[in-house]
Amino acid sequence: MIAHLFNAPLGKGEAAVGVGTVGSSEAIMLAGLAFKRKWQNKMKQLGKPYDKPNIVTGANVQVCWEKFARYFEVELKEVKLSDGYYVMDPDKAVEMVDENTICVAAILGSTLNGEFEDVKRLNDLLVEKNKQTGWDTPIHVDAASGGFIAPFLYPELEWDFRLPLVKSINVSGHKYGLVYAGIGWAIWRNKEDLPDELIFHINYLGADQPTFTLNFSKGSNQVIAQYYQLIRLGHEGYTNIMENCQENAMVLKEGLELTGRFNIVSKDNGVPLVAFSLKDNSRHNEFEVSDMLRRFGWIVPAYTMPPDAQHVTVLRVVIREDFSRTLAERLVADIQKVLHELDSMPSRVTEKLAMNVVEHHPTVVKKTAIDVQREITTAWRKMVADKKKTNGVC
Ligand SMILES: Cc1ncc(COP(=O)(O)O)c(C=O)c1O
């Protein structure tokens, strides 16, 4: 059912294969292993060295890709991010591909801002490069979240097995698959994309049981729950739920924009989430907003972006099925209260600076930390008023 959802080809001699996993991390380890083994087999056949495999991803990948690279000894070549562009640039990714690249991994729904990477452009560029070089570098799509969003909200978007170089896809059932935690899926376009030698056959359970997972025993409850959700909700049910999530994300996004205090870092066409940063002229930072929101019962994480966008800090709210419009409106109201409260408080950044000045120059500065802080705040405001660029450091 999931292979069908991802448009796996059903021609003569074509049959997708797949496996249920604990989540996308395990699915990615297995898919990565399959690429590594296929590449090694090919290099052996060509009589070429096969000890330095690499994988190309964006710097925005989830930690499971770093785990895969380290655990399975594959060099991770990351395309750096840049200001205002927080996903893998397909042009730069293809430039980084060489003969030892086992695959390029694209993300459908970046963990950090929900944005879909341009898998179609990646595929087209890679088809061209493969033609020129004679290599056959494939693509894996990490659709941990987007795999259960794109088919329902953006059915025309080509990101899946419709693209010839996409050989495998992972998705988490416990994200937008609407199942409780502990289920993910890895799907291969064709049996040939999963080397036979990775599949073990055991017979001690009464019949031939092929197995390709990291763990052997596992509860079947999540598999049944996923099956139940798919047949109970159907295509129409999933579409309604995803549309509802998207609408609630828009309510939150518009509410945040109306405060005039935030830049929105997420895109409208992606995972239903809102990632946002305080505007440059703010005296406070995103970590303070996150801390204060806890008092209202909200856990909204604040984090810095990966290289080369580390200077950007964002807050992120993921909208799931149970995050209603009323909750979205309440969150906006609570954020407004937090901003109001923060405005009446000295900034922690200036407070820290002031404490530093007082601590390290006690004889020079015969003032209290509060006095120094006031001066820093006044200077800061003047600087902002003068529209001087501060590179995020006040
Ligand atoms: C893009 C992406 N890939 C992989 C993962 C790992 O998924 P799981 O938690 O199902 O192992 C996540 C989880 O946040 C993710 O966002």
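Remember, predicted model here, so these are calculated numbers, not experimental data. Read the numbers this way: they start at 1 and go in the same order the structure lists the ligands and their atoms.
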Numbering the atoms of ligand 1 from 1, which are under 4.0 Å from a heavy atom of [X]?
X    : answer
H174 : 8 (P), 9 (O), 10 (O)
C64  : 4 (C)
G23  : 10 (O), 11 (O)
T111 : 1 (C), 2 (C), 15 (C), 16 (O)
I107 : 1 (C)

In L315, I264, V251, N263, the residue satisfying side chain to side chain contact (heavy atoms under 4.5 Å, CB included) with L256 is I264
Non-neighbouring partners of K120 that pass salt bridge (charged side-chain N to carboxylate O under 4.0 Å, His left out), sequence neighbours left out | D124
Between [Y] and [X], does any NZ, NE, NH1 or NH2 come within less than 4.0 Å of an OD or OE carboxylate oxygen?
X    : Y    : answer
E99  : K48  : yes
K42  : D136 : yes
K253 : D268 : yes
D343 : R283 : no
R325 : E329 : yes

Mind checking ring-ring contact (aromatic ring centres under 6.0 Å, His included) for F262 and listing every partner two or more places apart, or none if nothing turns up?
-> F276
Return the residue, atom name and 0.1 Å-rounded distance of the protein heavy atom closest to atom 3 (N) of ligand 1.
-> D142 OD2, 2.6 Å
min-distance protein heavy atom vs atom 11 (O) of ligand 1 -> S25 OG, 2.6 Å
Quick one: look at [X] and ligand 1, take heavy-atom pairs under 4.0 Å, and tell me if it's side chain, backbone, both or neither.
X    : answer
E26  : neither
A144 : side chain
S24  : both

Can you check whether N170 has an N/O within less than 3.5 Å of an N/O in ligand 1?
-> no
May I ask you to check if ligand 1 and K175 share an N or O to N or O distance below 3.5 Å?
-> yes
